[in-house]
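Only one structure is covered here, and it is reproduced in the block below.
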Amino acid sequence: MDRIQKIKGFADIFGIEASKFVTIETAARTIFPRYGFEELRLPLLEKTELFAKSIGEETDVVGKEMYTFPDRKNRSLTMRPEATAGMCRAFIENKMHKQGKVSKLFTFGPMFRYERPQKGRMRQFHQLDVEIFAAPEPAADAELILMLTSFLEQLGLKNLSVELNSLGCAKCRPLYRKALVDFYNSLATDSLCADCSRRKESNPLRVLDCKVPECKELVQNAPLVTEHLCTECQEHFIQVQNILSVAGLKYTLNPRLVRGLDYYQRTTFEVVSGDIGAQSSVAGGGRYDGLIKTLGGGDICATGFAIGMERIALLMDELEPQTPDFYIAVVDDNAVEPALLLAQTLRAAGKSGICDFVKGSMKSRMRAADKSGAEYALILGNDEIANNTVTLKYMGKTGDAQEQQTVDRNKILEFM
RNA sequence: GUGGGUGUAGCUCAGUUGGUAGAGCACUUGGUUGUGGCCCAAGUGGCCGAGGGUUCAAGUCCCUUCACUCACCCCA
């Protein structure tokens, strides 16, 4: 009989990997609130149009990567491919906007994209997502970047680089876009790679990012966004940079940094690692001032970022596994029950430990105690049952100091 | 969606010109009375990813398929 196996690109996360996720989530819940962020828990399923409207019909994510299917009443639903759209929807729907007040929210959990899996890229993957609503100031962008880098640092990640760019606004971006398309059209036909000639109209910014050497070469002379920003955008961008510099953050300006989702405007940034393979982007985000309005909310601006949890897990040091305080070795049949009760009282007192469910030979039980990594082995057999005692042995590596004593079972805690 | 690589014991991998499977680690049990780690011994454990073909004979050769993996693409 064929065994049922998990579907491609979906993972069971357990052991060390699971504890890394817990560490990341705990750090988020500790650090983000220090900046005034509150946690928001979002549904995994949304109406398809939410993503179509926000991310953009023409993007790869919406065009070919979404898990979309009809429900029983034939409504089109989609497993969220990212969190920002849902955050905006929730923000609008729950009327979270308060006049003149900034809202800071974060969430985390699984996202779904139908892509070919590879290192750092799963079909179900996990993101930490952070958004600030109603703060147009460059300081909001800067604070986000500072919080992000400090968060990653506190998780022990090293050798990361921050790349920064501005994509302009609804006013100046179309002009830049046109300048780019004009530039591509001025090139000899077929000089760009197949992918690029396909996307030079649909997503001209992406061409700047192409890895094909010939394209890279040609694109050297392409017009840069930063040269086409309107004065407002330029001013905004400069202020973001100023704050980051004052804060002492090292970053690289990358005028070719492009975001794949349509809603980004002005500030965009990415945190990149050279140590995790081709999917090197660990976190990314930026400003998306028009999105709330597109989704039927007020004229409220927004900025945010997302962190790829699997990707930072790849960069985290292995965590020391937790070892128990005790292991109760049961040496005679009638000791099983007392052993379980003893374990319960120890746990009630805050100790952690494992207890045999059946009796075994002394040797095998001591081996098990050793393997468990427990600090103490508690031996329970006929002798101990008769005298209401327990034998307590320290399992440390101090070879010859055979620390062992038989003590009153009710007073065991005094010896541990 | 396109390429490349890999599927043999729980894990990491050997397997020679085709002759019905091996190592290390792990696991279990021992090395006399109720004491772990080190050492020694024995033992458990494999439809050699699946299906078909060639052959007296296939882990090994051929075809198909599935899975995993890396990269393109895309993105966090």
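What's counted below: heavy atoms across the whole structure, side chains too, no hydrogens, waters or symmetry copies. It should be emphasised that the depicted structure is a prediction, and the values quoted were computed from it without experimental measurement. So that the names make sense, note that chain A is the first sequence line, chain B the second, and so on, each numbered from 1.
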Please classify the nucleic acid contact of [X] as base, sugar-phosphate, or nothing, using heavy-atom distances under 4.0 Å.
X: A:Ile312; result: nothing
X: A:Val331; result: nothing
X: A:Asp332; result: nothing
X: A:Ala369; result: nothing
X: A:Phe305; result: nothing

Between N or O atoms, less than 3.5 Å apart, protein on one side and nucleotides 67-73 of chain B on the other: list the pairs.
unit_1, atom_1, unit_2, atom_2, d
B:C68, OP2, A:Lys8, NZ, 3.3
B:C70, OP2, A:Lys119, N, 3.0
B:A71, OP1, A:Ala278, N, 2.9
B:A71, OP2, A:Gln118, NE2, 3.2
B:C72, N4, A:Arg121, NH2, 3.1
B:C73, O3', A:Arg199, NH1, 3.3
B:C73, N3, A:Arg121, NH1, 2.7
B:C73, N3, A:Arg121, NH2, 3.4
B:C73, N4, A:Gln118, OE1, 3.2
B:C73, N4, A:Arg121, NH1, 2.9
B:C73, N4, A:Gln279, NE2, 2.7

Pairing of A:Lys20 and A:Glu318 as salt bridge, 4.0 angstrom limit: yes
I'd like to know if A:Glu46 pairs up with A:Arg89 as an ion pair, taking the criterion as any Lys NZ or Arg NE/NH1/NH2 lying under 4.0 Å from an Asp or Glu carboxylate oxygen. yes
Interatomic distance, [X] [atom1] vs [N] [atom2] [rounded to whole Å]:
X: A:Leu160; N: B:A76; atom1: CG; atom2: P; answer: 16 Å
X: A:Arg365; N: B:G37; atom1: CZ; atom2: P; answer: 13 Å
X: A:Tyr327; N: B:U35; atom1: OH; atom2: C1'; answer: 14 Å
X: A:Leu314; N: B:A76; atom1: CG; atom2: P; answer: 17 Å
X: A:Ile385; N: B:G34; atom1: CD1; atom2: P; answer: 16 Å
X: A:Glu82; N: B:C74; atom1: CD; atom2: C1'; answer: 14 Å
X: A:Ile379; N: B:U33; atom1: CD1; atom2: P; answer: 15 Å

What N/O pairs connect the protein and nucleotides 8-11 of chain B at under 3.5 Å? Give each pair on its own line.
none

Between A:Phe151 and A:Phe32, does the ring centre distance come in under 6.0 Å? yes
Kindly say whether, by distance alone, the side chain of A:Lys363 makes a donor-acceptor pair under 3.5 Å with the base of B:G31? yes
